Every structure is written in structure tokens, then in C-alpha cells.
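Since the structure is predicted, the reported quantities are computational estimates derived from the model, not experimental observations. To find a chain, count down the sequence lines: A is the first, B the second, and so on, and within it residues start at 1.
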Number of protein chains: 2
Amino acid sequence: MRWNLDQLRLFVEVAEGASFSAAARRLQRAQSAVSTAIALLEADLGLPLFERSSGRPPRLTEAGQALLEEAREVVRQAQRLDARALGLRQGEEVLLRLAQDEAMPYPPVLDSLEALAQAFPALEMRLASGAQGDVARRLLARQADLGLLFRHEHMPAELERRALGSIAMVTVCGAGHPLAARTVVDRRELARHRQLLVTPPQSGYPGGEQVGPQVWRGDSFYAMAELVLRNLGWAWLPVHVVQYPTYRPSLVELRSDWTPPPLVVELVWRRDEPLGPAARWLAECFATRLAAFG
Amino acid sequence: MRWNLDQLRLFVEVAEGASFSAAARRLQRAQSAVSTAIALLEADLGLPLFERSSGRPPRLTEAGQALLEEAREVVRQAQRLDARALGLRQGEEVLLRLAQDEAMPYPPVLDSLEALAQAFPALEMRLASGAQGDVARRLLARQADLGLLFRHEHMPAELERRALGSIAMVTVCGAGHPLAARTVVDRRELARHRQLLVTPPQSGYPGGEQVGPQVWRGDSFYAMAELVLRNLGWAWLPVHVVQYPTYRPSLVELRSDWTPPPLVVELVWRRDEPLGPAARWLAECFATRLAAFG
DNA sequence: CCCACCCATCTGCGATGACGATAGGTAACG
DNA sequence: CGTTACCTATCGTCATCGCAGATGGGTGGG
């Protein structure tokens with residue numbers, strides 16, 4: 001195998017134009033160069049690629065036809081390598097590790113990842129879902145490059161963040177709960193029943209505060225939703241959790257005079273590792289889709 | 001893109017051995033050549049591929065890791081091209097057009113084609129099934145390269161042939177036919193009932209001769225089998241047709257004192273176009289599988 | 001401290017491959 | 001039937017590229 005990529009490129013060009021001289025003109029070479037290059041390629045491969053009937057445009061032989069496909073593929077692959085190098089040169093990531101809060105709404109995230117796969121086909125992805133504290137922890141431990149979480153107060157200083165959108169909280173109880181009969185409730189009524197509150201170990205996380213004396217606590221919106229389904233109390237939950245097909249028919253939305261502020265979805269990353277093109281692209285995608293979602 | 005296939009090969013070699021000098025030794029080059037080649041490749045791509053910490057073996061950078069995969073793929077593709085050229089140089093076909101008698105038993109043919117696809121992945125196949133005369137006609141008209149048919153007397157002289165195996169004929173009738181009650185029949189009894197005979201326009205084809213005065217004729221074993229199912233007569237059919245799952249439960253095999261000679265399966269091709277490697281390989285495959293089938 | 005080993009760099013040289021010119025051949029046209 | 005306008009193959013010349021070998025800096029082991 002003594003032949004060149006250049007020879008393959010010439011081969012493809014000549015085959016497509018059915019002319020040696022035309023290929024030479026297009027590729028800014030002397031006609032003789034094309035002629036000898038093809039001749040050498042044919043010698044190397046041990047096969048005639050073109051039928052030269054003088055005066056008639058050169059025609060591919062049967063072997064030439066078959067090898068043209070192979071040559072095209074080699075050239076294509078070489079261009080791929082170059083394109084990949086260009087991307088990497090511009091800081092494109094090889095691997096993007098995304099950590100997200102497990103309660104993040106799925107549709108916009110999955111849509112964004114699908115689009116990302118199209119825009120950066122060579123990018124390798126690693127996904128991790130975790131409870132609220134996990135996302136920041138993974139970023140700090142350099143186990144993730146990009147995080148998707150709900151804004152809270154205890155954000156470490158090493159992390160940069162950007163708000164993407166917000167998700168409203170609603171007050172819900174189970175269909176069999178005493179409050180289910182009421183359409184409008186005020187804070188005093190809520191205080192009389194058990195509250196199911198999402199509270200990670202540290203306070204300062206979003207999701208609302210304790211209202212009455214009876215409170216069960218948990219670290220997951222989904223776990224709390226399950227408890228609500230069993231009429232163990234009322235809860236404040238993000239609207240997308242309430243509207244999950246699994247929960248929706250059995251949950252009752254209450255109109256109350258007060259609900260916690262909406263959850264703010266934030267993108268988070270290490271201040272000392274600036275985002276590459278893929279991460280920035282993904283951020284934009286998240287932003288627009290979350291906006292459409294909210 | 002000024003880099004070379006050679007540079008890529010060096011890159012892969014160096015990465016696999018984690019050593020410039022080792023790669024130089026293996027590829028019979030001077031160490032300096034490897035060093036400069038990699039340096040030039042890095043300059044072309046605009047990226048460092050290796051981390052050279054003096055004394056420690058060179059380690060791939062993250063970009064190097066990613067580009068190594070791309071480079072491997074380019075080299076692999078180039079080798080594919082060369083292998084293909086070698087095959088074509090040895091007369092390997094680009095396209096193989098097989099024409100077969102529609103009554104040919106499927107399992108051995110399909111098994112052989114499956115094996116062919118494995119042995120010659122790049123080969124393009126075109127299949128055609130036809131009645132008995134069609135196979136030879138297609139070969140003569142250069143619409144097929146290889147034929148699979150049952151031996152008969154009117155084989156054109158332009159065609160070469162090779163016997164692959166034989167398939168026994170059996171005497172059958174439908175379950176509701178008067179003969180179905182008999183286990184053994186002789187020629188005189190057969191002559192008293194309608195015979196369903198496979199006879200293409202020209203005589204001299206295999207499948208038996210007319211026995212009694214009442215005969216229906218057709219050009220397909222399958223059409224005749226359908227008539228037998230409807231108790232319209234008895235027939236001589238190849239054993240593999242009789243044993244088709246569709247027919248088997250409703251057909252009755254008769255033991256008779258005489259049946260036509262077995263069908264001889266033959267491979268046929270044009271004398272003026274010698275078979276290529278793929279065709280010869282397929283012929284061997286047919287032969288062994290038909291032998292196992294019979 | 002010396003030796004073995006590794007990688008980068010420099011220099012000289014040879015093979016490779018480009019160019020331009022030339023030759024030969026076909027098709028269209030007057 | 002010559003002329004013209006193409007096309008491709010071949011040849012001679014020459015620059016360039018990239019190899020080999022030598023050199024030097026560096027590291028780790030005996």
C-alpha cells in the first residue's frame with residue numbers, strides 16, 4: 001500500500017467529472033500530475049480503474065466502480081478526522097458528564113440531549129441523576145462537568161450558575177384526603193393537617209417551609225407524591241411532578257392563598273473549567289426548551 | 001489537511017506501544033522519523049496528541065484519545081480498500097447474479113447465500129427465480145452469471161455445468177383421493193387415474209413421463225402440488241416439495257413400483273465467462289449443503 | 001557516577017512528485 | 001481533407017519532503 005490520500009482524492013474527482021484535465025483544473029494541479037497520480041494508483045492497486053478509449057471520456061471499469069466507493073469512504077473518514085480535530089482545537093469536549101436533580105422534568109432534558117446527539121455526534125455523554133445535594137457534590141468532586149438543579153442558597157463558591165427557567169409549585173392532596181373536598185384553602189386550614197415536606201438535610205433548599213405542627217419530611221418529590229397518593233397529608237410539589245401521568249388522576253390540586261416561590265432551574269458548572277462548545281450549546285437548548293415547558 | 005496515511009499509522013503504532021522508539025523499531029524506521037512525523041501531525045491538526053514528560057512514557061492527551069479512534073478508523077478503511085483491490089485483482093466479482101429454478105429447495109440455497117455474505121461481505125448479489133427454461137435463458141442473455149437448475153437434455157452448448165447433488169421423486173396423491181387408501185400401487189393402477197405432470201413447453205425436461213390417458217400438465221411443481229391437494233389426481237414430485245410444511249399434512253406418499261429418476265441439481269454458467277472466486281466458493285458451498293440435504 | 005534508554009533537533013541526501021513541454025489521438029467543423 | 005480544439009500519456013527538470021544518522025538534553029537504575 002504505497003498510495004496516498006491525495007491519489008484517492010484525485011481518483012474521486014476524476015471519476016466524478018469523467019475527465020483527467022477537468023479534475024486537474026478543479027484541484028489546481030497540472031494535468032500531467034493527475035495523469036501520473038492515477039496511473040501510479042492503478043499500478044499500486046494492480047488494477048485499471050478507468051477505460052481510456054482515446055477521444056471518449058474515461059469510464060470507470062467494474063473494479064474502478066467498486067473501488068471508487070471504498071475510496072470515497074476513506075476520504076470521508078479522513079475529513080471526519082480533520083473536522084474532529086477542528087472541533088477539539090476549539091475546545092470541544094470529548095466527554096460531557098451531566099449531573100441532574102432527579103426531580104428535573106424529563107421531556108425538556110431528553111429533547112435537549114437528543115438534539116445534542118445530532119449536533120455533536122462524536123461527543124461521549126455520561127448521565128447521572130441524584131438527590132438535590134448530589135449534583136453540586138459531583139461537580140465539586142470533578143465527577144461531572146455540568147449540573148442541572150433547582151436553585152438553593154447553599155451553592156458553593158467554586159460553582160458558576162445560570163438560571164434557565166422556573167417551575168411553579170402547586171398545593172396538592174390525595175383524592176381521599178379531607179382537604180380534597182375544599183376547592184380553596186388558607187394557611188390555617190393547611191396547618192391543621194399533616195404536611196409532607198421535601199427537605200434535604202441542610203435547610204435553605206427550595207420547596208417551601210413548615211406550616212403546621214404535623215410534618216413528615218423526605219428528600220424526594222416523588223417519594224412525597226407517593227405519600228400524598230396514600231392520603232397521608234398534603235404537599236407542595238412542582239407542577240410537572242403533579243402532572244405526571246402516574247400521579248395526575250389521583251391527585252387533587254388545591255387553590256391556596258399561599259404557595260412557595262417557583263423552583264428556579266439552574267445550570268451549574270465549575271468556575272475553573274469554562275464550558276466548551278457542546279456544553280454551551282446544551283445550555284442554550286435547555287434554556288429554550290425549559291422556557292417552552294414553563 | 002496536509003497529513004499522511006503514514007503519519008496516522010505511526011500515530012496508532014506509537015499510541016499502542018506508548019513509545020516513539022518502540023514504534024520506530026517495529027515499523028523499521030529511524031526514531032527521528034517517528035518523532036518528526038508525529039510532531040508534524042500535531043502541527044497539522046493543531047493539537048498535541050501526546051503528553052511528553054521526559055523520562056515517562058508519552059501519554060495520549062484527551063484530544064489524542066479521541067483522534068486515535070478516528071485515525072484507527074481511517075487506517076482500517078484504507079486497509080479495506082487494499083483488501084478489496086487484492087480481491088478484485090484475483091478476479092473477485094463485484095456483482096454476482098444468480099438465477100435459480102423456482103422449485104430449488106430453499107434451505108440449502110439460503111444457507112449458502114448466508115455463508116457467502118459472510119465470506120464476501122462487499123459482494124453485491126442479485127437473485128432471480130424462474131421456471132425451468134428461464135434459468136438457461138437468463139444465462140444466455142447475460143442477465144445472470146450463475147444458474148441453479150435441474151438437469152435436462154436441452155442444455156445449450158454455450159453453458160458449462162456441474163452436478164451438485166440429486167433429489168428423489170416421490171409419488172403422491174391427496175388425502176381424499178381414491179389411491180390414498182392403497183399403500184402400494186403399480187403402474188397400471190396409476191394409469192387409471194388422472195396424472196398431474198410437470199412439463200415445460202419443450203420435452204426432455206425431468207419429472208417423469210405420461211403414464212395413462214388422463215393427464216393435466218403444468219410448468220411448476222408447486223402448482224401441481226396445489227392440484228394434488230384438491231384431489232384432482234396423483235403426481236410425481238420432488239421430495240422437498242412434498243415435505244413442505246404447507247403441503248405435508250395433506251399429501252399422501254404412495255409406494256409405487258416405478259418412479260422417475262431423481263432430479264439432478266446442476267450449477268450452470270457461461271463457458272466464455274469463467275467463474276470468479278465468489279462463484280466458485282458458492283458452488284462448493286452449494287455442493288456440500290445439497291449433499292447434506294439429500 | 002556511569003550506563004541505558006528515551007525523545008527532540010539538526011544536517012545531508014535521496015527519492016518523490018510537481019510542472020511544463022511534447023507527442024499522439026479523436027471529434028467537430030469548414 | 002486540413003484545421004482546430006480537446007483530451008491523455010510521457011519525458012526531462014527541478015524543488016521539496018521526509019528519511020537516516022548524529023547529537024544533545026533528560027531521566028532512572030545499578
Side-chain angles (χ1 to χ4, degrees), chain A residues 1-61 63-64 67-68 71 74-75 78 82, chain B residues 1-61 63-64 67-68 71 74-75 78 82:
Chain A
M1 197 198 306
R2 298 189 18 72
W3 48 262
N4 250 341
L5 274 178
D6 263 327
Q7 284 171 289
L8 294 191
R9 281 189 272 267
L10 284 179
F11 173 33
V12 173
E13 199 68 32
V14 170
E16 285 178 354
S19 157
F20 285 53
S21 350
R25 282 191 297 271
R26 238 174 310 177
L27 298 180
Q28 314 267 36
R29 310 258 183 111
Q31 171 265 320
S32 60
V34 176
S35 189
T36 59
I38 297 293
L40 283 177
L41 180 60
E42 287 176 320
D44 275 347
L45 297 178
L47 289 163
L49 299 173
F50 294 96
E51 281 170 10
R52 283 93 150 169
S53 44
S54 194
R56 291 276 126 233
R59 280 186 53 79
L60 279 171
T61 61
L67 290 179
L68 174 60
V74 178
V75 172
D82 245 22
Chain B
M1 197 196 307
R2 300 187 20 71
W3 46 263
N4 250 344
L5 274 178
D6 264 326
Q7 284 171 289
L8 295 191
R9 280 189 273 265
L10 283 179
F11 173 33
V12 172
E13 199 67 33
V14 170
E16 284 178 355
S19 158
F20 285 54
S21 349
R25 282 191 296 272
R26 237 174 311 176
L27 298 181
Q28 313 267 37
R29 309 256 182 112
Q31 171 263 320
S32 60
V34 177
S35 190
T36 59
I38 297 293
L40 284 178
L41 180 59
E42 288 177 320
D44 275 347
L45 297 178
L47 288 164
L49 298 173
F50 294 97
E51 282 171 11
R52 283 94 149 168
S53 44
S54 192
R56 292 274 124 237
R59 280 185 53 77
L60 279 172
T61 60
L67 291 179
L68 175 60
V74 178
V75 172
D82 247 20

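A straight line from CZ of A:F50 to P of D:dC7 spans 15 Å, rounded to a whole angstrom. Taking atom CG of B:L41 as the reference point, atom P of D:dC17 lies 16 Å away to the nearest angstrom. To the nearest angstrom, P of D:dC7 lies 16 Å from CD1 of A:I38. For the pair B:E13 CD and C:dC7 P, the computed distance is 13 Å after rounding to whole Å. One interatomic measurement links the two molecules: CZ of A:R9 to C1' of C:dA18, which rounds to 16 Å at whole-angstrom precision. Rounded to a whole Å, the CD atom of B:E51 is 15 Å from the P atom of C:dC7. As a whole-Å value, the separation of B:W3 CH2 from D:dG18 C1' is 18 Å. Distance CZ (A:R52) to P (C:dT26): 16 Å, rounded to an integer number of Å.
Counting any heavy atom pair closer than 4.0 Å across all strands shown, A:R25 reaches sugar-phosphate atoms only and no base atom. Residue-level contact check: B:P58 touches the backbone only, with heavy atoms under 4.0 Å from sugar-phosphate atoms and none from bases. Residue B:Q28 is in sugar-phosphate contact alone, with no base atom involved, counting any heavy-atom pair closer than 4.0 Å across all strands shown.
Map A:R29 and A:R2 each onto its nearest nucleotide of DNA chain C; the residue landing nearer the 5' end is A:R2. Heavy-atom distances to DNA chain D give each of A:E42 and B:D6 a nearest nucleotide, and the one nearer the 5′ end belongs to A:E42.
A:V14 and A:F50 get closest at one heavy-atom pair: CG1-CZ, 3.4 Å. For A:A24 against A:Q31, the heavy-atom pair with the smallest separation is CB-CA, 3.7 Å.
Distances were taken from every side-chain heavy atom of B:F20 (C-beta onward) to each of C:dC7, C:dG20, D:dG18; the shortest belongs to C:dC7. When distances run from any side-chain atom of B:S32 to the nucleotides D:dG18, C:dC10, C:dA18, the shortest one goes to C:dC10. Taking every side-chain heavy atom of A:N4 into account, C:dG17 is the closest of D:dA9, D:dG18, C:dG17. You'll find that the side chain of B:L40 is closest to D:dG18, out of C:dC7, D:dA20, D:dG18.
Under the rule for a side chain to side chain contact (heavy atoms under 4.5 Å, CB included), the partners of A:A37 that lie at least two apart in sequence or sit in another chain are A:Q7, A:L10.
Taking only distance into account, the side chain of A:T36 never meets the base of C:dG17 through a donor-acceptor pair shorter than 3.5 Å. The base of D:dA9 sits with one of its N or O atoms less than 3.5 Å from a complementary donor or acceptor on the side chain of A:Q31.
Between B:F11 and B:L68 the shortest side-chain heavy-atom distance falls below 4.5 Å.
To the nearest 0.5 Å, atoms CH2 (A:W3) and CG (A:L8) are separated by 4.5 Å.
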